[in-house]
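Before any comments, here is the structure.
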Amino acid sequence: MTMSKREVRAVAAVIVKDGKYFAAKRGYGFLKGYFEFPGGKIEKGETPEQALVREIQEELSSDITVLEKLLTVNYEYPDFILNMEVFFASLKEGRLLLHEGIHLEERFFALSELDESLFCPADQLIVKALKAREIALR
């Protein structure tokens with residue numbers, strides 16, 4: 001009998017500024033060195049939107065406004081299944097500040113610079129969705 005993998009419920013923000021998309025390079029864990037869209041786990045009793053506001057405040061010391069939902073990513077990693085709700089968001093104020101140890105680098109990517117190979121596997125699905133959305137909007 002195989003054990004079922006634990007499911008992790010999470011959120012991610014696609015923060016757009018001046019037509020570019022914010023991502024940060026992970027500084028820890030098995031995905032260290034890959035870019036990701038910021039966010040984190042949903043805590044008990046939180047809505048996805050509440051979790052996203054809290055996570056961006058904790059991770060980047062910034063206040064955001066959660067906008068429309070882009071997609072839900074379901075991705076199976078070796079040790080767990082990630083169920084991640086992804087929202088567009090805008091900065092209310094301040095600058096996105098990296099906290100040492102969590103992220104190594106921050107970057108705003110133009111759509112043409114979003115290279116899936118630079119991103120964590122689950123986040124590659126967000127990159128694909130952003131590119132598909134752009135094509136659909138043309």
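Start at 1 with the first residue, then count along the sequence.
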Under-4.0 Å salt bridge between Glu68 and Arg133: yes

Residue pair Gln50 / Gly45: nearest heavy atoms and the distance that separates them: OE1-O, 4.0 Å

Point-to-point distance, once rounded to the nearest 0.5 Å, from CD of Glu43 to CD of Glu55: 7.0 Å

Within residues 41-78 or reaching into it, pairs that qualify as ring pair (Phe, Tyr, Trp, His ring centres under 6.0 Å) - sequence neighbours excluded: Phe30-Tyr77, Tyr75-Tyr77, Tyr77-Phe80

Joint cluster assignment, Leu70 & Phe87, ILVMFWY side-chain distance < 4.5 Å: no

Shortest non-hydrogen separation from Ala12 to Leu52 and the atoms involved: C-CD1, 3.6 Å

Atom of Gln124, atom of Ser117 and distance for their closest heavy-atom approach: NE2-CA, 4.4 Å

Separation between CZ of Phe88 and CG of Leu67, rounded to the nearest 0.5 Å: 9.0 Å

Check: Phe109 ring centroid to Phe119 ring centroid under 6.0 Å: yes

Same apolar cluster (I L V M F W Y, side chains within < 4.5 Å links), Leu104/Tyr21: no

Ile64 reachable from Phe108 in the ILVMFWY side-chain graph, under 4.5 Å edges: yes

Joint hydrophobic cluster, Leu60 plus Ile42, side-chain heavy atoms closer than 4.5 Å: yes

Atom pair CD1/OG1 of Ile56 and Thr65 - distance to nearest 0.5 Å: 12.0 Å

Distance in Å, Ile81 CD1 paired with Lys5 NZ, rounded so as to fall on 0.5 Å steps: 6.5 Å

Heavy-atom pair of closest approach, residues Leu125 and Leu71: O-CD1, 4.3 Å

Tyr34 atom OH, neighbour heavy-atom count above 12 within 6.0 Å: no

Spacing of Lys25 atom NZ and Lys32 atom NZ [to the nearest 0.5 Å]: 11.0 Å

Test log, rule side-chain contact (heavy atoms from CB on, under 4.5 Å), inputs Phe35 and Glu105: CA-CA 9 Å; Phe35 279 95; Glu105 179 187 335; 3.6 Å; yes

Residues in side chain to side chain donor-acceptor pair (under 3.5 Å) contact with Glu85, at least two apart in sequence or another chain: Lys69

Beyond-backbone contact of Val53 with Asp63, side-chain heavy atoms, under 4.5 angstrom: no

In one Ile/Leu/Val/Met/Phe/Trp/Tyr side-chain cluster, 4.5 Å: Leu31, Val86: yes

Nearest non-hydrogen partners of Val11 and Pro48, listed with the distance: CG1-O, 3.5 Å

Whether over 12 other heavy atoms sit under 6.0 Å from Lys131 NZ: yes

Heavy-atom pair with the smallest gap, counting every atom of Phe37 and Asp123: N-OD2, 2.8 Å

Distance (rounded to the nearest 0.5 Å) between Ile15 CD1 and Ser90 OG: 8.5 Å

